[in-house]
There are 2 protein chains.
Amino acid sequence: MKTLIVEDDRTLADILAFTFVREGFEVINAYSGEDALNLWEDECPDLMILDVNIPLPDGFSVCETIRKNWDTPIIFLTVRDNEEDIIRGLDVGADDYISKPFSPRQLMARVDAVMRRSSINIEEDHYQVGTVFLDLEQKSLTIPGQDPIFLSESECRFVHCIMRYAGQVVTSQILINCIWGPGNGNKEMLRQLVHRLRKKMGVQEETQSIIETISGIGYCFCQ
Amino acid sequence: MKTLIVEDDRTLADILAFTFVREGFEVINAYSGEDALNLWEDECPDLMILDVNIPLPDGFSVCETIRKNWDTPIIFLTVRDNEEDIIRGLDVGADDYISKPFSPRQLMARVDAVMRRSSINIEEDHYQVGTVFLDLEQKSLTIPGQDPIFLSESECRFVHCIMRYAGQVVTSQILINCIWGPGNGNKEMLRQLVHRLRKKMGVQEETQSIIETISGIGYCFCQ
DNA sequence: TCACATTGTCACACAATTGTCACACACATA
DNA sequence: TATGTGTGTGACAATTGTGTGACAATGTGA
């Protein structure tokens with residue numbers, strides 16, 4: 001998956017690039033509207049992250065120009081709570097927006113949602129990170145070179161949740177809410193679920209370490 | 001959000017309280033400097049509105065005393081255009097001032113601005129200085145080119161505190177109060193926390209020197 | 001009814017985190 | 001040189017968090 005990041009603030013551009021690379025995206029950086037349009041033509045990215053405030057053609061114009069010929073997803077970056085920008089951005093064809101400052105998790109959640117809505121993406125009932133494949137309909141998890149692992153309902157929710165944020169930590173509280181709904185689970189139940197899932201996944205070192213524990217915080221899906 | 005209002009004129013104090021309550025703040029009233037200092041210790045407010053002209057220790061002394069151990073935002077109330085007061089107020093560590101008389105809207109605008117500048121702002125779930133990135137939710141510290149470092153609760157509070165004042169020295173006392181709360185930590189614990197954190201951050205020179213010791217005063221976050 | 005999978009709960013072992021102590025070293029001062 | 005202060009470092013114990021096995025309750029299908 002190829003992402004074009006259009007951001008003239010180099011520091012923020014670095015952070016963005018870092019976040020996407022960590023998620024397994026290929027990243028191209030543009031630092032002005034002109035750059036963006038040229039690179040768009042040359043590279044044909046699958047997704048664009050576009051700051052409104054960039055030099056030369058501003059974000060809105062860039063978005064408008066591209067939308068004439070493409071329907072690739074575009075996510076806008078705006079300063080917090082600037083409603084005018086948000087409305088205008090969506091108006092010129094952006095798929096979503098995110099207000100600065102934002103956390104990497106917030107950003108990836110938006111990317112996820114946009115990719116899911118767009119046709120680029122795999123169907124809703126599949127999930128793939130690296131070579132690991134989760135089938136939400138069959139509730140099966142496939143790791144190359146192994147037989148598929150069939151998951152129970154709650155195990156499936158757990159895997160789904162950590163796969164969505166692959167490479168990032170997901171807090172225990174978020175997981176509990178995702179699996180059992182707010183106020184219905186607890187840490188003890190989560191601990192047991194992870195234990196049973198790891199057991200099911202087998203003793204292989206590589207497989208075991210897919211679910212990493214981050215002490216005091218939560219769990220993390222590692223490629 | 002808890003606000004301590006220090007104002008001996010009961011009428012004005014009531015108006016202030018009303019304004020804050022209407023905005024969803026919890027309000028505590030103090031009518032003298034002594035009151036203010038006691039309530040400060042007991043209630044740990046998130047914000048203080050402080051009239052200069054209050055009995056017993058005056059506003060300046062109160063502010064000075066509190067600033068020795070806390071970095072919670074303080075807004076001064078002064079009579080109109082008394083520049084001496086304003087300068088002296090900011091000098092003893094106030095974050096902003098507002099001249100009497102003022103409109104509730106003016107006041108809340110100042111409060112908003114001060115809260116935004118300080119990290120009390122609850123919505124802020126991450127912090128960025130240069131290329132260093134702190135995720136408060138994941139409790140992770142990311143330096144480009146390195147794996148994220150996962151922090152414990154107290155380590156996270158420490159990093160949060162020094163990152164807020166990046167480039168400035170933060171005194172040991174302020175750090176201790178930020179990390180363990182009033183009367184719960186000591187310099188020995190702080191020293192050990194820094195030691196463990198540096199160890200966790202690895203042997204890389206660049207990474208190590210992010211936390212600089214300022215002998216006899218405290219610590220400083222360097223780019 | 002029985003076998004079986006799934007789930008919630010408990011008890012216990014082990015690991016991570018934290019508070020405390022002891023000691024080494026650098027530096028300033030008399 | 002001797003002394004005191006501030007800091008870095010390692011070791012230890014107490015506390016807290018996590019992994020694991022066992023058991024019972026529930027639901028499902030044969």
Side-chain angles (χ1 to χ4, degrees), chain A residues 138-141 148-160 162 169-205 207-222, chain B residues 138-141 148-159 161-162 169-203 205 207-220 222:
Chain A
Q138 281 194 66
K139 291 194 235 160
S140 70
L141 187 69
I149 298 155
F150 293 100
L151 308 171
S152 71
E153 183 58 37
S154 28
E155 286 165 351
C156 191
R157 285 197 190 153
F158 172 84
V159 175
H160 186 195
I162 58 167
V169 191
V170 187
T171 64
S172 298
Q173 201 47 59
I174 288 180
L175 285 164
I176 290 165
N177 285 336
C178 272
I179 300 166
W180 293 282
N184 288 323
N186 58 49
K187 289 202 178 188
E188 174 63 29
M189 285 156 70
L190 179 63
R191 213 148 45 96
Q192 198 55 242
L193 189 154
V194 171
H195 176 228
R196 281 163 180 155
L197 187 53
R198 281 174 171 157
K199 219 170 178 178
K200 217 178 218 181
M201 290 172 99
V203 202
Q204 297 100 320
E205 296 246 332
T207 317
Q208 281 258 329
S209 66
I210 281 180
I211 304 167
E212 198 180 319
T213 307
I214 310 300
S215 184
I217 307 166
Y219 294 88
C220 176
F221 182 94
C222 297
Chain B
Q138 290 193 99
K139 294 194 225 154
S140 69
L141 187 69
I149 298 156
F150 295 107
L151 309 171
S152 71
E153 183 62 36
S154 25
E155 286 165 351
C156 190
R157 286 199 188 149
F158 172 84
V159 175
C161 198
I162 58 167
V169 189
V170 187
T171 66
S172 298
Q173 200 48 58
I174 286 180
L175 284 164
I176 289 164
N177 283 334
C178 273
I179 299 166
W180 293 282
N184 287 323
N186 57 50
K187 289 203 179 187
E188 174 62 28
M189 284 156 71
L190 180 63
R191 213 147 46 93
Q192 196 57 241
L193 190 154
V194 171
H195 175 227
R196 282 163 179 157
L197 187 54
R198 282 175 172 157
K199 221 170 177 175
K200 213 181 220 181
M201 290 172 98
V203 201
E205 295 248 331
T207 316
Q208 280 255 329
S209 66
I210 281 178
I211 304 167
E212 199 179 318
T213 307
I214 311 300
S215 186
I217 306 170
Y219 294 88
C220 175
C222 296

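Letters A, B, ... are given to chains in the order of the sequence lines, protein chains preceding strands, and every chain is numbered from 1.
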NZ of A:Lys200: more than 12 outside heavy atoms within 6.0 angstrom?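 Yes, enclosed.
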
May I ask you to verify if any side-chain N or O of [X] is less than 4.0 angstrom from the OP1 or OP2 atom of [N]?
| X | N | answer |
| --- | --- | --- |
| B:Asn186 | C:dT20 | yes |
| A:Trp180 | C:dG8 | yes |
| A:Ser215 | C:dA15 | no |
| A:Lys199 | D:dG21 | yes |
| A:His195 | D:dT18 | no |
| A:Ser154 | C:dT6 | no |

Closest to side chain of [X], choosing from [options]:
| X | options | answer |
| --- | --- | --- |
| B:Met189 | C:dT7, D:dG8, C:dT20 | C:dT20 |
| B:Thr213 | D:dT9, D:dT7, D:dT20 | D:dT7 |
| A:Glu188 | D:dT20, C:dT17, C:dT20 | D:dT20 |
| B:Arg196 | D:dT20, C:dT9, C:dG19 | C:dG19 |
| B:Ser152 | C:dT6, D:dG21, C:dT17 | C:dT17 |

Rounded off to whole Å, could you give me the [atom1]-to-[atom2] distance for the [X] and [N] pair?
| X | N | atom1 | atom2 | result |
| --- | --- | --- | --- | --- |
| A:Lys187 | D:dT18 | NZ | C1' | 11 Å |
| B:Lys139 | C:dT18 | NZ | C1' | 14 Å |
| B:Phe150 | C:dA15 | CZ | P | 21 Å |
| B:Glu212 | D:dG8 | CD | C1' | 15 Å |
| B:Arg191 | D:dT5 | CZ | C1' | 11 Å |
| A:Ile211 | D:dG19 | CD1 | P | 10 Å |
| A:Ile214 | D:dG19 | CD1 | P | 10 Å |
| B:Leu193 | C:dG19 | CG | P | 8 Å |

Salt-bridge present (B:Glu153, B:Lys139; N to O < 4.0 Å):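 Yes, B:Glu153 and B:Lys139 are salt-bridged.
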
Under 4.0 angstrom, heavy atoms only, what part of the nucleic acid is A:Glu155 near: base, sugar-phosphate, or nothing?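 Nothing, no nucleic acid heavy atom in range.
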
Looking at every strand, decide which applies to B:Tyr219 at a 4.0 Å heavy-atom threshold: base, sugar-phosphate, or nothing.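 The residue B:Tyr219 makes sugar-phosphate contact but no base contact.
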
Side-chain donor-acceptor contact under 3.5 Å, B:Thr213 with B:Arg198: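 Result is yes, a qualifying pair exists.
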
Please report the closest heavy-atom contact between A:Asn186 and A:Ile176, naming both atoms and the distance.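 Taking A:Asn186 first and A:Ile176 second, the nearest heavy atoms are C-CD1, 3.6 Å.
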
Does the base of C:dT7 carry an N or O that pairs as donor and acceptor with the side chain of A:Gln192 under 3.5 Å?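 No such pair is found, so the answer is no.
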
Do A:Leu151 and A:Leu197 have side-chain heavy atoms sitting under 4.5 Å apart?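 Yes, at least one pair of side-chain atoms sits under 4.5 Å.
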
Output the distance between atom SG (A:Cys220) and atom CD1 (A:Ile211), rounded to the nearest 0.5 Å.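 Here the interatomic distance stands at 10.5 Å.
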
